[in-house]
Amino acid sequence: MSATVSFPVPTPQGPKTVTVSYARVGRGEPLLLLHGIGHHRQAWDPVLDVLATERDVIAVDLPGFGASPALPAELSYDLPTTAAVFGAFCEALELDRPHVAGNSLGGLMALELAREKLVRSVTALSPAGFWSQAERRYAFGVLLTMRQIARRMPLSLVEKLARTAAGRTALTSTIYARPGRRSPEAVVAETLALVNAPGFDDTLRAGTSVRFTDDLPGIPVTVAWGTQDRLLLRRQGVRAKRLMPRSRLVRLPGCGHCPMNDDPALVARVILDGSR
């Protein structure tokens, strides 16, 4: 079921109201799902039903993405603010230290929530923040180019391209290793999500100096990387393992940057195993 929740987040100017759109399904221990920059919560649709058989799954639209409005002007899109927002979100939904899984930006956010001791386990799929400066510049350049191209395309052209496997490949091969598997409707919707995201530019700006360098003792961490990730190269997973030696590093054969669509069964199993 799709829903929204509004809650106060502290700022130097006093509490400001943040509104987050989310979908909740399933039963079991709570599992929070966080998508990547320019995406929306529907990125998790391929794995949602399997996860829901064993978890109370809460898939959110990050503030400024999908159906969630932008943050109030007094709040920035940096990691400490994000942790405060999702701490308040969990409090509003009465989620007591949920498990969390995140992809890309969402993976970095999941690790930040763990650093703040707000979650009980983390599964990070190709998380941001383990890049070199050159790798970060490359990824940001690709993301900006993707958005610029999407913003210039008439909706009618997007819809026409989405109707064929070759067109879906042209639109989404940067993030999927198997773009032909994505449905035409999903490709149109996520292209529009990329075009219309009011939080995109501020989030990208906030990420220019971000690197995740902490170990997370006491919290189970799984880092999983697609072998065909073209946006954040898989050697970044080795760096993550070096920084978090107690973490589990999982290889996702044949998967791209958003592996949920490329191999739903494998990704669902990795998330369930990581959230025991």
Side-chain angles (χ1 to χ4, degrees), residues 26 28-36 43-44 46-48 50-59 79 82-83 86 90 95-132 135 139 175-177 210-276:
E29 293 186 351
L31 170 64
L32 191 63
L33 300 180
L34 307 176
H35 62 77
W44 297 101
V47 298
L48 209 58
V50 176
L51 295 177
T53 62
E54 299 186 39
R55 300 286 183 274
D56 172 15
V57 183
I58 305 98
L79 282 179
T82 298
F86 280 105
C90 290
L95 304 175
D96 181 22
R97 292 185 72 238
H99 301 284
V100 60
N103 174 221
S104 194
L105 168 66
L108 174 61
M109 290 181 170
L111 292 165
E112 179 69 10
L113 291 173
R115 197 174 69 83
E116 295 295 329
K117 304 292 193 289
L118 295 172
V119 296
R120 65 183 83 175
S121 76
V122 173
T123 303
L125 310 175
S126 293
F130 296 98
W131 43 42
S132 67
E135 290 165 347
I175 59 172
Y176 300 126
V210 167
R211 292 190 74 184
F212 197 85
T213 58
D214 293 336
D215 192 9
L216 298 171
I219 296 178
V221 174
T222 299
V223 176
W225 228 283
T227 60
Q228 296 186 40
D229 192 330
R230 298 184 184 97
L231 189 64
L232 298 180
L233 305 180
R234 60 177 176 169
R235 62 174 172 256
Q236 296 172 36
V238 178
R239 284 190 206 124
K241 173 68 174 175
R242 198 175 298 131
L243 287 162
M244 299 179 291
R246 300 172 191 85
S247 66
R248 182 175 66 127
L249 179 60
V250 179
R251 181 174 171 267
L252 303 175
C255 289
H257 184 62
C258 297
M260 303 84 79
N261 180 76
D262 290 326
D263 194 337
L266 174 61
V267 171
R269 177 48 50 201
V270 168
I271 293 173
L272 290 172
D273 287 349
S275 58
R276 299 292 178 198

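By the ring pair (Phe, Tyr, Trp, His ring centres under 6.0 Å) test, Tyr176 is found to be paired with no residue, residues two or more places apart in sequence or in another chain being considered. With sequence neighbours left out, the salt bridge (Lys or Arg N to Asp or Glu O under 4.0 Å) criterion links Arg239 to Glu135. Every residue meeting the salt bridge (Lys or Arg N to Asp or Glu O under 4.0 Å) condition with Arg246, not counting sequence neighbours, appears here in chain and number order: Asp215.
Closest of all the heavy-atom pairs between Pro46 and Pro264 is O-CB, 3.5 Å. Here the closest non-hydrogen pair linking Val119 and Pro98 is CB-O, 3.1 Å. Scanning all heavy atoms of the two residues, the minimum distance from Ala101 to Leu31 falls at N-CD1, 4.0 Å. Across Ala110 and Val122, no two heavy atoms sit closer than the pair O-CG2, 3.6 Å. Shortest non-hydrogen contact noted between Leu32 and Cys90 is CD2-SG, 4.3 Å. Residue Asp56 comes nearest to Ile58 through the heavy atom pair O-CD1, 3.3 Å, listed as atom of the first residue, atom of the second, then distance.
In this structure, CG on Leu108 lies 10.0 Å from CG on Leu232, to the nearest 0.5 angstrom. Rounded to the nearest 0.5 Å, atoms CG (Leu111) and OG (Ser247) are 9.0 Å apart. Considering CD1 of Ile175 and CG of Leu231, their distance stands at 9.0 Å, rounded to 0.5 Å. Note that the OG1 atom of Thr82 and the CG atom of Leu113 stand 8.5 Å from one another [nearest 0.5 Å]. With values rounded to the nearest 0.5 angstrom, Leu249 atom CG is found 10.5 Å from Arg234 atom CZ. Here the straight-line distance linking atom CG of Leu105 with atom CG of Leu34 works out to 8.5 Å at 0.5 Å rounding.
Applying the ring-ring contact (aromatic ring centres under 6.0 Å, His included) definition to pairs two or more places apart or across chains, those involving residues 210-247 are Phe130-Phe212. Here salt bridge (Lys or Arg N to Asp or Glu O under 4.0 Å) pairs that include residues 101-121, with residues two or more places apart or in two chains, are Glu29-Arg120, Glu112-Arg115, Arg115-Asp214.
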List the atom pairs, with distances to 0.1 Å, where a side-chain N or O of residues 256-263 and a protein N or O form a donor-acceptor pair under 3.5 Å, not counting sequence neighbours.
residue: His257; atom: ND1; partner: Asp229; partner atom: OD1; Å: 3.2
residue: His257; atom: ND1; partner: Asp229; partner atom: OD2; Å: 2.9
residue: His257; atom: NE2; partner: Ser104; partner atom: OG; Å: 2.8
residue: Asp262; atom: OD1; partner: Ala177; partner atom: N; Å: 3.2
residue: Asp262; atom: OD1; partner: Arg178; partner atom: N; Å: 2.8
residue: Asp262; atom: OD2; partner: Ala177; partner atom: N; Å: 3.0
residue: Asp262; atom: OD2; partner: Gly256; partner atom: N; Å: 2.8
residue: Asp263; atom: OD1; partner: Leu266; partner atom: N; Å: 3.2

Steps toward side-chain contact (heavy atoms from CB on, under 4.5 Å) verdict (Leu33, Leu51): CA-CA 10 Å; Leu33 300 180; Leu51 295 177; 4.1 Å; yes
Using side chain to side chain donor-acceptor pair (under 3.5 Å), reason through Ser275 and Arg55 one step at a time and then give a plain yes or no. CA-CA 9 Å; Ser275 58; Arg55 300 286 183 274; 3.0 Å; yes
For a side-chain contact (heavy atoms from CB on, under 4.5 Å) check, start with the C-alpha distance between Val270 and Thr222, then their side-chain angles and the critical distance, and finish with the verdict. CA-CA 8 Å; Val270 168; Thr222 299; 4.0 Å; yes
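Between the Asn103 side chain and the Leu125 main chain, a donor and an acceptor come within less than 3.5 Å of each other. When atom types are taken as modelled, the side chain of Thr227 and the backbone of Gly254 share a donor-acceptor pair closer than 3.5 angstrom. A donor-acceptor contact shorter than 3.5 Å is absent between the side chain of Lys241 and the backbone of Arg248. Looking only at distances, a side-chain donor or acceptor of Trp131 sits under 3.5 Å from a matching main-chain atom of Val210.
Side-chain contact between Ser121 and Val100 is absent, with no heavy atoms from C-beta onward closer than 4.5 Å.
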